[in-house]
Structure formats: C-alpha cells, structure tokens
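What follows is a single structure, written as structure tokens, with notes after it.
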Amino acid sequence: MDLVNPAALEKYRFSKALRPFSFPVAIIACLVGIAAAYADGYWNLGSVSLILVAGVLLQAGVNLINDHADLPLLTGSDPLLQLSRDRVRFNFKVGMLCFLIAAVIGFYLITIAGLSLLLISVVGLLGALGYTVAPINYKNRGLGVIMVFWLMGVLMITGSYIAVGAPFDWSIVWLSLPISCLVSLLLLSNELRDYERDIDDGLSTLTVRLGYQSSVWIYWSLLVSALAISIVLALLGYLSHIWLLLFVLLLLPQPFRLLQAKAADRKGLTPATARILLGFGTVFCLLILL
C-alpha cells in the first residue's frame with residue numbers, strides 16, 4: 001500500500017471491525033429456528049439463551065477475522081500501516097476466541113440435543129473460518145454471498161431448531177429459505193457498498209466479478225425471492241397472516257435510493273439492508289408462531 005489513507009485504515013479499528021450492524025443476521029437466524037421449535041412444542045430457556053449467545057459469537061468471529069486477508073496489502077513502514085497490521089492481528093485473535101467459546105457452547109448443546117447437531121456445528125464452524133482464512137478464502141473467490149446463504153442461513157436456523165430439542169424435520173429447511181436469502185442480501189449490500197474500494201484493493205468478490213449493475217439485479221432478486229418463497233410457504237400451510245410482511249415494504253425506499261448513489265454516498269446501504277433483515281425476520285418469526 002503506497003498511499004496511506006487514514007480514513008480507509010479506520011475500518012481495522014476494533015469497534016469498526018466488529019460490525020455490530022450485522023448482528024441481526026445471527027439473532028434473526030437463531031430466532032427463526034427457536035420460534036419454529038416453540039411452535040412445534042419444544043422449549044428450553046437455558047438452551048435458547050445459549051443458542052443466541054453462540055450465534056452472536058459466531059457472527060462476531062466472522063466479522064473480526066474478515067480483514068485478515070488484507071494483511072498482504074498493509075505493507076510498508078508507515079506507523080499507520082503498522083498500527084493497522086497490529087489491529088488486524090488483534091481482531092483475528094479475538095475472532096478466534098469468539099469461535100472457541102461458540103464451539104464450547106455448541107458441544108454442550110450437542111450433549112443435550114444429540115449427535116444430529118454435531119455435523120451442523122462442525123460444518124458451520126469450519127465454514128465460518130473459511131470465509132477469509134487461506135487457503136479457502138471463499139470471500140475472495142466470489143463465493144461469499146452463496147456460502148452465507150447456507151452457513152448463516154439454512155445451517156444456523158436448522159441448528160437452532162435442533163439445539164432447542166426438536167428432531168430434524170424438512171419443514172425447518174423450507175422455513176429457513178426466505179431468511180437465508182436476506183442473509184445473502186446483507187453480505188451483498190456490503191460488497192456493493194465497497195465495490196470501488198474492493199477493485200482498488202484487488203479483491204475478487206462476487207460484485208467485483210459480475211459488475212455493479214448485475215449485482216444490483218441480484219440484490220433485488222434476493223429480496224423478491226424472500227417474499228415469493230414466503231408466499232409459497234403460506235400457500236402450503238407453513239405460515240399464516242402473510243399480509244403482515246407488507247409492512248417490510250416501508251423499509252425499501254432507502255436502499256433503492258442508496259443503490260443508485262455514488263460510492264461516497266453509499267455508506268448507509270448495509271445498515272439499511274440490515275434493517276430489512278431485522279424487520280422481515282421479526283415479522284417472519286411472528287408468522288411462524290401464529
């Protein structure tokens with residue numbers, strides 16, 4: 001990195017790297033699984049609390065190791081670069097600690113829920129590590145949006161359902177699909193926000209590979225898919241009062257405007273998308289319970 005931009009390096013500060021605006025991913029995914037288990041007659045307050053803690057820890061871990069792949073870019077003797085390298089390494093260590101604690105909680109829940117949870121836990125943990133860590137680093141292979149659909153969507157929701165004490169049932173997989181689309185949507189919004197910077201840094205995210213406008217179409221396709229799948233689930237009897245999801249439409253004008261904005265004005269896209277996930281997910285849990 002020849003030119004040192006202090007503002008650009010601020011993203012490695014712990015409070016920035018933690019990305020708390022993304023926590024709705026883990027919270028909503030876990031709550032959907034918990035709500036589905038409750039609707040099927042399974043409830044354990046202790047397990048529910050541990051599931052939510054483990055879910056947030058996994059999300060925090062993914063966020064904190066996210067910048068580890070940037071280390072080769074932070075070369076040079078400038079004090080700001082050295083500080084950034086130290087921050088990235090510190091964040092990585094804290095992220096790994098988050099994974100470790102989440103793994104301990106997960107294995108405890110396995111002793112309660114049974115071995116059916118073991119495979120989901122192992123695949124989810126390895127998948128989270130592979131997000132930016134070499135040699136997998138599927139973020140830079142353009143696979144991040146696809147992988148989080150399964151890892152932070154389908155697997156986390158299904159795992160939460162089983163961890164409460166419910167036996168595996170394909171219905172939870174179908175119920176996980178709309179939220180999984182929105183989990184991918186949130187990551188895609190992050191790529192769209194950072195599109196120009198990722199090109200400058202030589203990163204090969206899905207948005208960089210496909211181009212900005214093509215990725216905008218994918219953004220709206222994921223959102224429409226979440227709504228369409230929810231309608232199908234309602235028609236099949238998995239959900240009721242589907243009309244309540246219409247309230248989520250009130251959250252769409254801001255991301256629509258930001259998607260058309262210039263790079264410098266696009267910073268609010270990811271928080272705006274997180275609000276869509278939080279609003280949709282909250283109503284979706286209510287629909288399951290109803």
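Ser240 places none of its side-chain heavy atoms less than 4.5 Å from the side chain of Leu287. Between Ile218 and Leu188 the shortest side-chain heavy-atom distance falls below 4.5 Å. Looking only at side-chain heavy atoms (C-beta outward), Leu151 and Val148 stay at 4.5 Å or farther from each other. Using a 4.5 Å heavy-atom threshold, the side chains of Leu143 and Leu206 count as separate. Taking the side chain as every heavy atom from C-beta outward, Leu57 and Ile105 approach each other to under 4.5 Å. The shortest side-chain heavy-atom distance between Phe284 and Leu31 does not fall under the 4.5 Å cut-off. No side-chain heavy atom of Phe149 sits less than 4.5 Å from a side-chain heavy atom of Leu222. Residues Leu58 and Met156 are in side-chain contact: their nearest non-hydrogen atoms beyond the backbone lie under 4.5 Å apart.
Across all their heavy atoms, Ile276 and Pro255 have their closest contact at CD1-CG, 3.7 Å. Here the shortest heavy-atom pairing between Ala36 and Ile172 reads CB-CD1, 3.5 Å. Gly95 approaches Ile65 most closely through the heavy-atom pair CA-CG2, 4.2 Å. Heavy atoms only, all atoms of each residue included: Arg193 and Thr270 are closest at NH1-OG1, 3.8 Å. Scanning both residues, Gly281 and Ile28, for their nearest heavy atoms gives CA-CG2, 3.5 Å. Between Gly55 and Ala26, the shortest heavy-atom distance links the atoms O-CB, 3.1 Å.
Between Asp194 and Arg197, at least one side-chain nitrogen of the basic residue sits less than 4.0 Å from a carboxylate oxygen of the acidic one, meeting the salt-bridge criterion. Between Arg266 and Glu196 a salt bridge is recorded (basic side-chain N to carboxylate O distance below 4.0 Å).
Atom OH of residue Tyr12 and atom CG of residue Asn91 lie 10.5 Å apart, to the nearest 0.5 angstrom. Rounding to the nearest 0.5 angstrom, the gap separating the OG1 atom in Thr282 from the CG atom in Leu244 is 12.0 Å. The CG atom of Leu83 lies 8.0 Å from the CZ atom of Arg13; values are rounded to the nearest 0.5 Å. Residue Leu186 holds its CG atom at 6.5 Å from OG1 of Thr273, rounded to the nearest 0.5 Å. With rounding to the nearest 0.5 Å, the separation of CG in Leu119 from CD1 in Ile110 is 9.5 Å. Between the SG atom of Cys285 and the CG atom of Leu290 there is a distance of 11.0 Å, given to the nearest 0.5 Å.
When the side chain to side chain contact (heavy atoms under 4.5 Å, CB included) test is applied to Tyr38, the partners found at least two apart in sequence or on another chain are Trp43, Leu289.
Residue Leu246 places its CG atom among more than 12 non-hydrogen atoms of other residues, nucleotides or ligands, all under 6.0 Å distant. Dense packing is recorded around CZ of Phe168, with more than 12 heavy atoms of other residues, nucleotides or ligands lying under 6.0 Å away.
The aromatic rings of Trp170 and Trp174 sit parallel to each other, their planes meeting at less than 30°, with 60° as the upper class boundary. Classification of the Trp243-His241 ring pair by plane angle, with boundaries at 30° and 60°, yields perpendicular.
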Review point. Would Leu109 and Leu50 satisfy side chain to side chain contact (heavy atoms under 4.5 Å, CB included), going step by step from the backbone distance to the final call?
Key: CA-CA 8 Å; Leu109 290 171; Leu50 289 174; 4.3 Å; yes

Exercise for review: Kindly determine whether Phe90 and Leu64 satisfy side chain to side chain contact (heavy atoms under 4.5 Å, CB included), including the steps that lead there.
Suggested key: CA-CA 9 Å; Phe90 173 78; Leu64 289 170; over 6 Å; no

Practice item. Could you check Tyr238 against Ser171 for side chain to side chain contact (heavy atoms under 4.5 Å, CB included), going step by step and ending with a plain yes or no? Key: CA-CA 8 Å; Tyr238 288 103; Ser171 63; 3.5 Å; yes

Exercise for review: Could you check Leu277 against Leu185 for side chain to side chain contact (heavy atoms under 4.5 Å, CB included), going step by step and ending with a plain yes or no?
Suggested key: CA-CA 9 Å; Leu277 172 59; Leu185 185 76; over 6 Å; no

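In this structure, the side chain of Gln254 does not engage the main chain of Ala272 through any donor-acceptor pair within 3.5 Å. When atom types are taken as modelled, the side chain of Asp265 and the backbone of Ala261 share no donor-acceptor pair closer than 3.5 angstrom. Checking side-chain atoms of Tyr42 against main-chain N and O of Ile162 turns up no donor-acceptor pair under 3.5 Å. Listed for the Arg19 side chain is a donor-acceptor partner under 3.5 Å among the backbone atoms of Ala17. Checked by atom type and distance alone, the side chain of Ser184 never pairs as donor or acceptor with a backbone atom of Ile146 at under 3.5 Å. Judged purely by atom type and a 3.5 angstrom limit, Ser160 has no side-chain atom pairing as donor or acceptor with the backbone of Ile34. Formation of a donor-acceptor pair under 3.5 Å by the Thr158 side chain with backbone atoms of Leu155 is not found in this model.
Side-chain atoms of Tyr195 and Thr205 form no donor-acceptor pair, as typed in the model, at a separation below 3.5 Å. A side-chain N or O of Ser22 and one of Asn63 form a donor-acceptor pair less than 3.5 Å apart. One side chain, Tyr161 or Asp40, offers a donor N or O that lies under 3.5 Å from an acceptor on the other.
No single ILVMFWY cluster, assembled from side-chain heavy atoms under 4.5 Å apart, contains both Val48 and Val104. Residue Ile27 is not grouped with residue Phe21 when hydrophobic side chains (ILVMFWY) are merged at heavy-atom distances under 4.5 angstrom, including chains of intermediate members. No continuous path of ILVMFWY side-chain contacts below 4.5 Å connects Tyr219 to Trp217, so the two sit in separate hydrophobic clusters.
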Please tabulate, for side-chain N and O atoms in residues 223-232, each donor-acceptor pair with protein atoms closer than 3.5 Å (sequence neighbours left out).
| from | atom 1 | to | atom 2 | distance (Å) |
| --- | --- | --- | --- | --- |
| Ser225 | OG | Ser221 | O | 2.7 |
| Ser230 | OG | Ala226 | O | 2.8 |

